[in-house]
Amino acid sequence: MTETPLPSEVDVRGFLAGTVACHTEADLASKLKLSRPLRIKLGVDPSSPDLHLGHAVQLRYLRRLQDQGHLPVLIIGDATARVGDPTGRNATRPQLNAEQAAANAQTYLEQAGQVLDLDRAEIVHNGDWFDRMGFMDAIELGAFMTVARMLERDTFATRHAAGVPIGIHEFLYPLMQARDSVEVRADVEIGGTDQTFNLLVGRDVMRDAGLEPQVCVTLPILPGLDGVQKMSKSLGNAVGLKDPPTEMFGKVMSVPDAQMAEYFGLCTDEDPQRVETLLAGSPREAKAALARSITAIYHDEDAAARASAEFDRVFRDRGLPDEIPESELPTDLVEDDGAWIVRVLTHLDLAPSGSAARRLIKEGGVKVDGEKVQDEQARLSRGSHALVQVGKRRFHRVVVP
RNA sequence: GGGGGAAUGCCCGAGUGGUUAAAGGGGACGGGCUGUAAACCCGUUAGCUUAGCUUUCGUAGGUUCGAAUCCUACUUCCCCCA
């Protein structure tokens, strides 16, 4: 018994396309009826200066709402960054100092601007209000939460059970985030599904402040390049929005096959029909299309095409990349019979230590001018130019004085 | 305040006097293969011009022919009781 959807229901569906959950749809429907731009809050902690595709999932969603006429309210969490969001952490986060937070915030905005139109967004820093609050204000905020409720959270439950310490300040984090919602009078707050608890606390705190509770919309979490854990810079499984084209392309090529569909959906604007066709075909081709599509978003079509061509050249055909760093060896590295390969490798940072360099040679991972180096004692003769290669993808041209 | 426990290599984690530079796993790196920096298989994973030497198991001392393993003090952390 399907009924004809009311106009607001249509709006709700459009609003929520691609999201995971919404608390509550009824609230959202009534907010949409206000026929004014909704204030969409996204809180970001400048804890790490580099944004990656995981952040972009949220930014891209925000961009869509922005294009529907809503107003993104970006909260730069310079205060919250100094506390550290415990979500998903099995250890207390390092607390940032004010300068680090400020510097990170700057680069954050630069990168967010690749996705969002910052001229049509409101940007605020939560230090503006938290720095003014006194200790008693914080206590009052703390009265909002019960220890039992906090301990129900998986993050804390796990840590508590494992005997990993939990700082009191970490309990305050969700309350700070909730307080932000009051300050900016958020209509809607968005975040990853792992943020559900934090988002919902905002509803309670807003209600108490005599405001309409915000609608909480959660978005899927993008898995990292390992295909298992969530994308995160500290896990080293992230594709940075600032990554140069070839690196971005290459990293996407290392996404496990099973995650391709998810990446297409969350990171690209590709038409679902086309995606289906691609996924039905050669996985190699599909992934190349994915990599190209993503690279084009953060660079341009041209750069993506070049990155794609270079990838084929370097990895499929075992050729040389476009740009190879070049440098001249310092003279103190060069002896009468030339420059010792082990020293050259460590000097160029192609190996972290002499022992590691020797190991690489033993493993057959070092080539000079395309020839595998067999002898650890090999020298690059004086006055020569040499192309040094380690593994499949690290190249360096050196001039031996 | 009282009692108990823990600190090991990039991470997790075994190891309670002697082939222990330290099991196993993860990660990373290298090789092979390929459809890619997927998957799979193999190898490497402290430093040092390396058949050898030096340093490493929270810190500082001590016992011993010999210690990550025993003792003392210190530091840090966790748990339980109050």
Side-chain angles (χ1 to χ4, degrees), chain A residues 89-92 151 156-167 223-229 232-240 243-264 278-295 304 307-319 321 332-347 349-367 372-380 388-395:
Chain A
R89 286 288 162 147
N90 50 20
T92 304
L151 283 176
F156 290 135
T158 312
R159 272 161 67 177
H160 192 60
V164 178
I166 301 168
L225 297 178
D226 53 15
V228 182
Q229 292 183 277
S232 136
K233 194 187 165 207
S234 55
L235 292 174
N237 63 0
V239 181
D243 285 348
T246 47
E247 198 172 326
M248 187 175 267
F249 189 95
K251 280 183 179 175
V252 176
M253 286 304 278
S254 77
V255 169
D257 288 1
Q259 265 66 49
M260 278 198 276
E262 214 169 345
Y263 268 68
F264 266 118
L278 280 169
L279 291 177
S282 149
R284 167 71 172 76
E285 289 314 308
K287 206 177 291 177
L290 174 68
R292 204 160 149 165
S293 177
I294 290 175
T295 308
S308 173
E310 172 150 331
F311 187 87
D312 285 350
R313 184 149 30 88
V314 177
F315 296 105
R316 195 189 54 201
D317 308 331
R318 293 290 158 89
D332 59 327
L333 229 60
V334 186
E335 295 158 47
D336 291 342
D337 57 346
W340 184 31
I341 185 67
V342 169
R343 286 275 158 275
V344 173
L345 292 174
T346 52
H347 171 73
D349 273 338
L350 292 174
S353 70
S355 298
R358 285 163 182 272
R359 255 180 251 127
L360 284 168
I361 294 167
K362 247 176 248 162
E363 292 167 347
V366 178
K367 288 183 186 168
K372 203 168 271 188
V373 175
Q374 313 275 1
D375 179 10
E376 305 180 349
Q377 295 302 328
R379 314 272 150 164
L380 303 183
V388 180
Q389 178 181 358
V390 172
K392 295 182 180 70
R393 40 191 291 241
R394 281 138 78 209
F395 298 85

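Throughout, a chain's letter reflects where its sequence line sits, starting with A, and its residues are numbered from 1. Quantities reported herein were computed from a predicted structural model and do not represent experimental measurements.
- Nearest to the side chain of R359(A), among G35(B), U45(B), U49(B), sits U45(B).
- With hydrogens and angles left out, the side chain of R292(A) and the base of U36(B) share no donor-acceptor pair within 3.5 Å.
- Nucleic acid contact class of G391(A) (heavy atoms, under 4.0 Å, all strands): sugar-phosphate only.
- Using N1 to N3 plus N6-O4 or O6-N4 for Watson-Crick, or N1-O2 and O6-N3 for G-U wobble, each under 3.5 Å, C40(B) pairs with G32(B).
- With a 4.5 Å cut-off on side-chain heavy atoms, E285(A) and L278(A) do not count as touching.
- When both distances must be under 3.5 Å, the Watson-Crick or G-U wobble mate of A6(B) is U76(B).
- We find that D332(A) and R343(A) are not joined by a salt bridge, their nearest charged nitrogen and carboxylate oxygen being 4.0 Å or further apart.
- Checking U49(B), A37(B), A38(B) against the side-chain heavy atoms of P256(A) singles out A38(B) as nearest.
- When all heavy atoms of P256(A) and L225(A) are compared, the closest pair comes out as CD-O, 3.1 Å.
- Here the side chains of V342(A) and I361(A) are in contact, with some heavy-atom distance below 4.5 Å.
- Separation of the P atoms belonging to U56(B) and G61(B) is 11 Å when rounded to the nearest angstrom.
- Between K392(A) and U36(B), a side-chain N or O to OP1/OP2 separation shorter than 4.0 Å is absent.
- Between L345(A) and V388(A) there is a side-chain heavy-atom pair separated by less than 4.5 Å.
- Remark: the E376(A) side chain and the U50(B) base include no donor-acceptor N/O pair separated by less than 3.5 Å.
- When the side-chain nitrogen and oxygen atoms of R343(A) are compared with OP1 and OP2 of U49(B), one or more of them lie within a distance under 4.0 Å.
- Between the P atoms of C41(B) and A46(B), the separation comes to 23 Å (whole Å).
- Nucleic acid contact for S353(A): sugar-phosphate only, since backbone atoms but no base atoms lie under 4.0 Å from a heavy atom of the residue.
- By the 5.5 Å and 30° criteria, W340(A) is stacked with the base of U49(B).
- Judged by distance alone with a 3.5 Å cut-off, no donor-acceptor contact links the side chain of R313(A) to the base of U36(B).
- Across the strands present, G1(B) finds its partner in C81(B); the criterion is a Watson-Crick or G-U wobble pair with both atom distances under 3.5 angstrom.
- Base pairing of C70(B) is made with G62(B), judged by Watson-Crick or G-U wobble geometry with both donor-acceptor distances under 3.5 Å.
- A 3.5 Å limit on both hydrogen-bonding distances identifies no Watson-Crick or G-U partner for U20(B).
- Contacts of R379(A) with the nucleic acid, taken as non-hydrogen atoms under 4.0 Å apart, include base atoms.
- Between S254(A) and U36(B), a side-chain N or O to OP1/OP2 separation shorter than 4.0 Å is absent.
- When distances are taken from the side chain of E363(A) to each of G30(B), A37(B), U36(B), the shortest belongs to G30(B).
- Separating the P atom of C12(B) from that of U59(B) is a span of 16 Å, rounded to the nearest Å.
- With both ends at atom P, the span from G27(B) to G35(B) equals 24 Å, rounded to whole Å.
- Between the side chain of N237(A) and the main chain of S232(A), a donor-acceptor pair closer than 3.5 Å is present.
- Distance from the side chain of K372(A) is smallest for G32(B) among the nucleotides A37(B), G32(B), U50(B).
- Looking at heavy-atom distances under 4.0 Å, R316(A) makes contact with sugar-phosphate atoms alone, never a base.
- Nucleotide U45(B): paired with G27(B) (Watson-Crick or G-U wobble, both distances less than 3.5 Å).
- Applying the 4.0 Å criterion to OP1 and OP2 of U36(B), one finds that R284(A) has a side-chain N or O inside that range.
- Counting distance only, with no hydrogens placed and no angle test, the side-chain atoms of D257(A) and the base atoms of G35(B) include a donor-acceptor pair under 3.5 Å.
- Looking at the side chain of L360(A), the nearest of the listed nucleotides A37(B), G30(B), U50(B) is G30(B).
- Rounded to an integer number of Å, the gap from CZ of F311(A) to C1' of A38(B) is 10 Å.
- The same atom, P, is picked in A21(B) and in C53(B); the two are 12 Å apart, to the nearest Å.
- In this structure, D375(A) places its CG atom 12 Å from C1' of U49(B), rounding to the nearest Å.
- If you take atom C1' in C71(B) and the same atom in G17(B), they sit 13 Å apart, rounded to whole Å.
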